[in-house]
Amino acid sequence: MVLSKECISPRISSLVLSLIFLIACSDPLEKQSDLKEATQQPTEIPVDKIQNKISKPQDKPADAIGQNKPPASSTRTTTSDITTPIQDPNIGKPKGGKLIQLFRDPPTMDPHLTTDNISGRLVNEVFGGLVTLGLDLNVTPDLAERIEVSADGLRYTFHLRKDATFHNGKPVTSEDVRWSLERVADPETQSPVAAQYLSDIVGVSEKLKGQATTISGLRTPDEYTVILTIDQPKAYFLSKLTYPTAFVLDRENLENYGVDWLRQPNGTGPFKLAEYQVGELLRLARNENYHLGPANIDEVEFLLAGGNAMLMYENDEIHVTGVGLADLERVLDPNEPLNAEIITAPTLFSVGYIGMNVNEPPFDDPSFRRALNLAIDRDTIASVVLEGSNIPAKTIIPPGFPSHSPNVIGYRYDPVKAHELITESKYGNDLDNLPRITLSISGSFGANVPLALEVILQAWKDTLGIEVEIQQTEWATFLQDLHNRRYQMFQLGWAADYADPENFLDILFHSESENNHTNYSNPEVDRLLLQARVEPNQETRFTLYNQIEQMILDEAPWVLLWNSGETYALIKPEVKGYELTAMTIPKYRYVYFEQN
């Protein structure tokens, strides 16, 4: 998922770690409001597990504490079944209450158009698909109660739950799944991520291109069975189906309400959309008939009008908030009353970067791009400017993520070598007449440029004599232009959607990927990526990805910036079961209020 500017380049004076993960662009349900100052942002600090020294994950065994590595995908080579866990985790938990958080308006509530974490947080609660991610980030059945995978890894048979219904009580059938997949693959839907998440299914690519009217690899032999055939065995296929692109919609809901269906969505998730006042309030109410067991709390209320999150938390107006640098020293003081409510988290599986369109001068010269990487003292910026809140990124794959290797070599600060490379480039003889360079970032007109970015631009000017202009664009428009590859240079970030290196290296750098926003193209990298997709041996596969990653780094389509550092949140002591996760998953149904 793409990360917003607030996550990858926080301001020193008022950092709230608002992690807005986006994958591409989407049309807003309503015009999205301008980005607020960092102190006004809703905050989510996704992590896999919470460190034992501060707080144990609620309702987790002690031996599960501190594990930050996600489960790697594994290729199935024999017929196997995946079944729904029998026990409802909410049995015996107290019921009732309303959780309140600061949030912002979602760009969309249509799962098939969802590309960002703000929309995704809500969509994951209102809708669902065949499979989902559990709190442990493993794939688990949702609308399907059992999944059979053929011996050759090409055919997936989903047996639907007969107790799964839409919010209005209508049973979910295989026809609903079929229609939903056909809708998202319809070119008229204009899903920006359908190809990315569903093109492994035979016939999806053809339908997206208008070459077919139906998905040939989709069959529904009876009312409660769905069979999907994919083009090659792939370890990560089920993980892709956990993304909202594959969620199931109610055809009658869309046809009866037309363009207004999103105001009254009839989903299958643990919560219903009960109220939405744009720019003011969004309220979710518990789905009493949820097939995996109803939520503990009655409602989740999202405040959309903005405000100072820390002040609102201290005034008991909200139950959860992030902790910015301005408040961190105070909150970490053992004598501070809030210290008892702080939770610390390990790093995210994410990377921040500056992307360069390799087809546009002067970024069409690899030496020029390498020089920009070598001219930045990331270590000093991270420790002094960012005060340790971020870690210098050395590689594309973040530390702790499957396939990450210390043998993959990134760029260290070397101003002398940077100057040599810029001189050797085809622009080196006339640096005074370089093509104009514009760095596009998200933000409202006139907003402050993040201090860390200002330091980077000054380093390029002092070391290389290169001047870069900043252009700020409102977030929704920024994403649309990014998706259309209109930028010469842009600042962004990426966070994992699922625990597989394909989600970084293939999605972002294959020459035909919709998310290859830099236009990077290397036939050998493409060939190795295709080989890695279907390699059954995990060690061999990860070795391939290490080779691919090194090749990409050597050609430098990105200027690597940061990995997320240690982050902090405050959660009211009466709130239990609120898990901070490394990826966007349906999680509010696990929350409950401790009774006095």
Side-chain angles (χ1 to χ4, degrees), residues 22-33 103-116 118-130 143 164-195 197-198 204 207-210 212-215 218 220 226 243-285 287 289-290 302 304 476-477 479-480 483 586:
L22 297 104
I23 298 179
C25 69
S26 62
D27 296 326
L29 175 65
E30 293 284 343
K31 183 179 183 298
Q32 187 182 14
S33 59
F103 212 61
R104 69 165 62 158
D105 287 288
T108 184
M109 284 288 287
D110 187 338
H112 297 168
L113 301 181
T114 293
T115 61
D116 65 286
I118 293 296
S119 301
R121 284 267 298 279
L122 301 171
V123 164
N124 267 278
E125 302 295 341
V126 176
F127 300 91
L130 294 168
L143 294 173
T165 66
F166 290 101
H167 291 158
N168 66 357
K170 187 178 74 171
V172 177
T173 68
S174 59
E175 171 58 20
D176 297 307
V177 179
R178 185 205 65 79
W179 182 83
S180 298
L181 292 176
E182 295 284 6
R183 176 189 185 257
V184 71
D186 190 328
E188 291 188 4
T189 301
Q190 298 184 351
S191 170
V193 286
Y197 286 95
L198 299 178
V204 166
K207 180 161 184 177
L208 284 168
K209 295 174 183 176
T213 57
T214 60
I215 300 171
L218 166 60
T220 54
V226 177
Y243 195 75
T245 314
F247 282 5
V248 176
L249 309 184
D250 176 16
R251 181 176 185 172
E252 293 179 0
N253 183 216
L254 275 74
E255 293 179 347
N256 290 342
Y257 291 97
V259 295
D260 293 327
W261 77 274
L262 290 172
R263 295 297 179 188
Q264 303 178 66
N266 189 32
T268 65
F271 288 89
K272 305 176 183 181
L273 179 61
E275 181 181 4
Y276 183 23
Q277 301 176 35
V278 176
E280 296 292 334
L281 175 73
L282 190 148
R283 183 166 56 86
L284 302 180
N287 173 13
N289 299 315
Y290 185 54
F302 298 97
L304 309 177
T477 303
L479 291 174
Q480 292 172 357
H483 182 67

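Position 1 is the first residue of the sequence; numbering continues from there.
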Quick check: do Thr115 and His483 have side-chain heavy atoms less than 4.5 Å from each other? no
Do Val126 and Leu284 come within less than 4.5 Å of each other through their side chains, counting heavy atoms only? yes
To the nearest 0.5 Å, tell me how far Leu198 CG sits from Ile215 CD1. 7.5 Å
Could you tell me whether the side chain of Asn287 and the main chain of Lys272 form a donor-acceptor pair under 3.5 Å? no
Pairing donors with acceptors under 3.5 angstrom, does anything connect the side chains of Asn266 and Asp250? yes
Validation row: Ser180, His112 side chains within 4.5 angstrom (heavy atoms): yes
Quick check: do Phe103 and Arg121 have side-chain heavy atoms less than 4.5 Å from each other? yes
Measuring only between side-chain heavy atoms, which start at C-beta, is Leu218 closer than 4.5 Å to Val226? yes
Between Ser191 and Arg183, does the side-chain contact (heavy atoms from CB on, under 4.5 Å) criterion hold? Intermediate values first, please. CA-CA 9 Å; Ser191 170; Arg183 176 189 185 257; over 6 Å; no
Backbone N or O of Asp110 within a donor-acceptor pair of the Thr108 side chain at under 3.5 Å? yes
Decide side-chain contact (heavy atoms from CB on, under 4.5 Å) for Lys207 and Glu182; before the verdict, give the C-alpha distance in whole Å, the side-chain angles of both, and the deciding distance to 0.1 Å. CA-CA 8 Å; Lys207 180 161 184 177; Glu182 295 284 6; 2.6 Å; yes
Applying side-chain contact (heavy atoms from CB on, under 4.5 Å), run through Asn253 and Phe166 and close with a yes or a no. CA-CA 10 Å; Asn253 183 216; Phe166 290 101; over 6 Å; no
Are Phe247 and Phe127 near enough that their ring centres are under 6.0 Å apart? no
Is any side-chain heavy atom of Tyr276 closer than 4.5 Å to a side-chain heavy atom of Leu122? no
